Amino acid sequence: MLIGGTLGRYFAMRFVRTVLGVFITVFALVYTLDFVELLRRAGDSEGASPGLMAQLSLFRTPAVAEGVLPFAVLFGSIATLLQLSRKLELVVARAAGISAWQFLQPGVFVALAIGALTVGVYNPVSALLKQRSTEIEAKIFARSTKASSGKDLWIRQRSLDGQAILRAETAIEGTTTLAGVSVFTFDEAGSFVSQIEAARATLHDGYWELSEARLLAPGAPPETFGSYLIASPLDPGQVRQRFTPPDSVPFWQLPETIARTERAGLDATRYRLQYDVLLARPMLFVAMVLVAATVSLRFFRFGGVGKLVLWGVAAGFALYVARQVMEGLGASGIVAAPVAAWFPAVVGSLLGTLTLLYQEDG
């Protein structure tokens, strides 16, 4: 039986306000910490003004905050149900003949709606903002030794020009462009020939194009070039895939990315897994609501509420760990991508339902 419209809307708005409150709080905290870290990294970097760092942090934060959405649903649902129980609103609802399954319907509906919105709207926006933030970081930090993260990218190739090793400080996601590039060239015998420093390197079919390049060769004065070309046998599609993580691809572009990757003869497992993970997100949020309900429906006068809440938080983290393990197995090909993506959501929902059946119906 469905819950009444007025009461259902009231419970639903309570869920929405609490979940959004938790998420906005976490978002603001992540933004503040990231902004402070960017200011520290910026140092004396040219053009790294506080205003630009604030904008960059705003572009970076949505992708980071997306990872805490399940916990926002979990903690928001726990807080909502505890407030309803503390104010005896659930007691009145039960006295009016409304079962736990009925007053959980608004929470489940809200979880499904938030899940659908985050997949269809929030994820594409956060992915595009993340790509934009990578471009800004490349312009500001790529040539700054103070800002080097120590996670340089290395590429080795052999072409008509001999051997070359490319080191880059960062890659602009979704493109074949590297920033903060150093190229070490060798002849066929393996002897060092020259070093090329460049602001950016873009891979085209058959060659690298280095922008703002400076050539350093033994026994010769340094030379500066606006554009410098190096032959390359590398495939642009492979390079783009290597340096574009799945979470940087918007949800609506994932099917096309998967098809393009497979047409190129490349492994699209990571993108398939990301697509299935996003599809399973609404059910994962429902699982979080059910887990929250198992530890939040106890009457306050019975005591032991704090211990139950701790168990609920632990169950949420256990579900998160299981999700990470399954995604790791799916990315490595050990488990099929759909199974790895849907397993935590389905198992969490079933366990939550089973626990509630035991608590409510004996």
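Note that the structure is predicted; figures quoted are calculated from it, not measured. Throughout, residue positions are numbered sequentially from 1 according to the sequence presented.
The heavy-atom pair separating Val22 from Ala72 by the smallest distance is CG1-CA, 3.8 Å. Pairing each heavy atom of Ala292 with each of Ser77, the nearest pair is CB-CB, 3.5 Å. Nearest heavy atoms, Pro250 versus Pro124: CB-CA, 3.8 Å. Pairing each heavy atom of Arg281 with each of Leu69, the nearest pair is NH1-CD1, 4.3 Å. When all heavy atoms are compared, the tightest approach of Ala345 to Ala287 is O-CB, 3.8 Å. Minimum heavy-atom separation, Glu209 to His204: OE1-NE2, 3.0 Å.
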Using the ring pair (Phe, Tyr, Trp, His ring centres under 6.0 Å) rule, take Phe15 and Phe109 through it: C-alpha gap first, then chi angles, then the decisive distance, then the call. CA-CA 10 Å; Phe15 274 100; Phe109 174 78; over 10 Å; no
Between Leu210 and Leu229, is the side-chain contact (heavy atoms from CB on, under 4.5 Å) condition met? List the steps. CA-CA 6 Å; Leu210 308 181; Leu229 306 183; over 6 Å; no
side-chain contact (heavy atoms from CB on, under 4.5 Å) between Tyr228 and Ile196, intermediate numbers included: CA-CA 9 Å; Tyr228 191 90; Ile196 307 168; 3.5 Å; yes
Does Glu262 form a side-chain contact (heavy atoms from CB on, under 4.5 Å) with Arg272? I'd like the steps, not just the answer. CA-CA 11 Å; Glu262 291 179 339; Arg272 285 191 175 278; 2.9 Å; yes
Between Ile165 and Trp154, does a side-chain contact (heavy atoms from CB on, under 4.5 Å) hold up when you go through it step by step? CA-CA 7 Å; Ile165 298 177; Trp154 294 86; 3.7 Å; yes
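Salt-bridge check for Lys130 with Glu66: failed, with every basic side-chain N at 4.0 Å or more from each acidic carboxylate O. Salt bridge annotation for Arg60-Glu37: absent, with no cationic side-chain nitrogen under 4.0 angstrom from a carboxylate oxygen.
Using cut-offs of 30° and 60° on the angle between ring planes, the pair Phe23 and Phe27 is tilted.
The environment of OH in Tyr320 is sparse: at most 12 heavy-atom neighbours from other residues, nucleotides or ligands sit within 6.0 Å. Counting heavy atoms of neighbouring residues, nucleotides and ligands inside a 6.0 Å radius, atom CZ of Phe343 does not exceed 12 of them.
Side-chain atoms of Gln131 and Ser248 include no donor-acceptor pair closer than 3.5 Å. Counted by atom type alone, Ser57 and Asp34 present one or more donor-acceptor pairs between their side chains at under 3.5 Å. Between the side chains of Thr176 and Thr202, no donor-acceptor pair of N or O atoms lies under 3.5 Å. Between the side chains of Thr18 and Thr80, at least one donor-acceptor pair of N or O atoms lies under 3.5 Å.
The backbone N or O of Ser191 sits nowhere less than 3.5 Å from a side-chain atom of Gln163 that would complete a donor-acceptor pair. Checked by atom type and distance alone, the side chain of Tyr31 pairs as donor or acceptor with a backbone atom of Ala54 at under 3.5 Å. The closest donor-acceptor contact from the side chain of Trp252 to the backbone of Gly120 lies under 3.5 Å. Listed for the Asn123 side chain is a donor-acceptor partner under 3.5 Å among the backbone atoms of Phe251.
For the pair Asp276/Leu278, no side-chain contact is recorded, criterion being any heavy-atom separation below 4.5 Å from C-beta on. With a 4.5 Å cut-off on side-chain heavy atoms, Leu153 and Arg167 do not count as touching. The side-chain heavy atoms of Phe285 and Thr118, taken from C-beta on, include a pair separated by under 4.5 Å. Two residues are said to be in side-chain contact when any heavy atoms from C-beta on lie closer than 4.5 Å; Tyr122 and Leu117 fail this criterion. Proximity of Gln274 to Tyr271: side-chain heavy atoms (C-beta onward) are nowhere separated by under 4.5 Å. Under the 4.5 Å side-chain criterion, counting only non-hydrogen atoms from C-beta, Leu29 is not in contact with Thr25. Between Leu20 and Arg17, every side-chain heavy-atom pair lies at or beyond the 4.5 Å cut-off. Here the side chains of Ile155 and Trp208 are in contact, with some heavy-atom distance below 4.5 Å.
Note on Leu166 and Phe225: same hydrophobic cluster, where clusters join Ile, Leu, Val, Met, Phe, Trp and Tyr whose side-chain heavy atoms are under 4.5 Å apart, directly or indirectly. Both Val110 and Leu82 sit in one connected hydrophobic cluster of ILVMFWY residues. Membership requires side-chain heavy atoms under 4.5 Å apart, directly or through other members. Cluster annotation: Leu356 is connected to Val289 through the hydrophobic network of ILVMFWY side chains, with a link wherever side-chain heavy atoms come within less than 4.5 Å. Note on Val321 and Leu329: same hydrophobic cluster, where clusters join Ile, Leu, Val, Met, Phe, Trp and Tyr whose side-chain heavy atoms are under 4.5 Å apart, directly or indirectly. In this structure, Ile114 is a member of the same hydrophobic cluster as Phe71, with clusters built from ILVMFWY side-chain heavy atoms closer than 4.5 Å.
Atoms CZ and CD, from Phe59 and Glu135 in turn, are 10.0 Å apart once rounded to the nearest 0.5 Å. Between the OG1 atom of Thr355 and the CG atom of Leu350 there is a distance of 10.5 Å, given to the nearest 0.5 Å. Between the CG atom of Leu81 and the OG1 atom of Thr294 there is a distance of 10.0 Å, given to the nearest 0.5 Å. The CZ atom of Phe35 sits 14.0 Å away from atom CZ of Arg40, with the distance rounded to the nearest 0.5 Å.
No option in Val346, Val277, Leu319 other than Leu319 meets the side-chain contact (heavy atoms from CB on, under 4.5 Å) test with Leu284. Among Ser194, Ser182, Pro222, the one residue that satisfies the side-chain contact (heavy atoms from CB on, under 4.5 Å) test with Leu216 is Pro222.
Partners of Arg214 by salt bridge (charged side-chain N to carboxylate O under 4.0 Å, His left out), not counting sequence neighbours: none found. Annotation: salt bridge (charged side-chain N to carboxylate O under 4.0 Å, His left out) contacts of Arg200 (sequence neighbours excluded): Glu212. Listed by chain and number, the residues in a salt bridge (charged side-chain N to carboxylate O under 4.0 Å, His left out) with Glu256 are Arg260 (sequence neighbours excluded).
Under the 6.0 Å cut-off for aromatic ring centres, Phe192 and Phe184 do not qualify, their centroids lying 6.0 Å or more apart.
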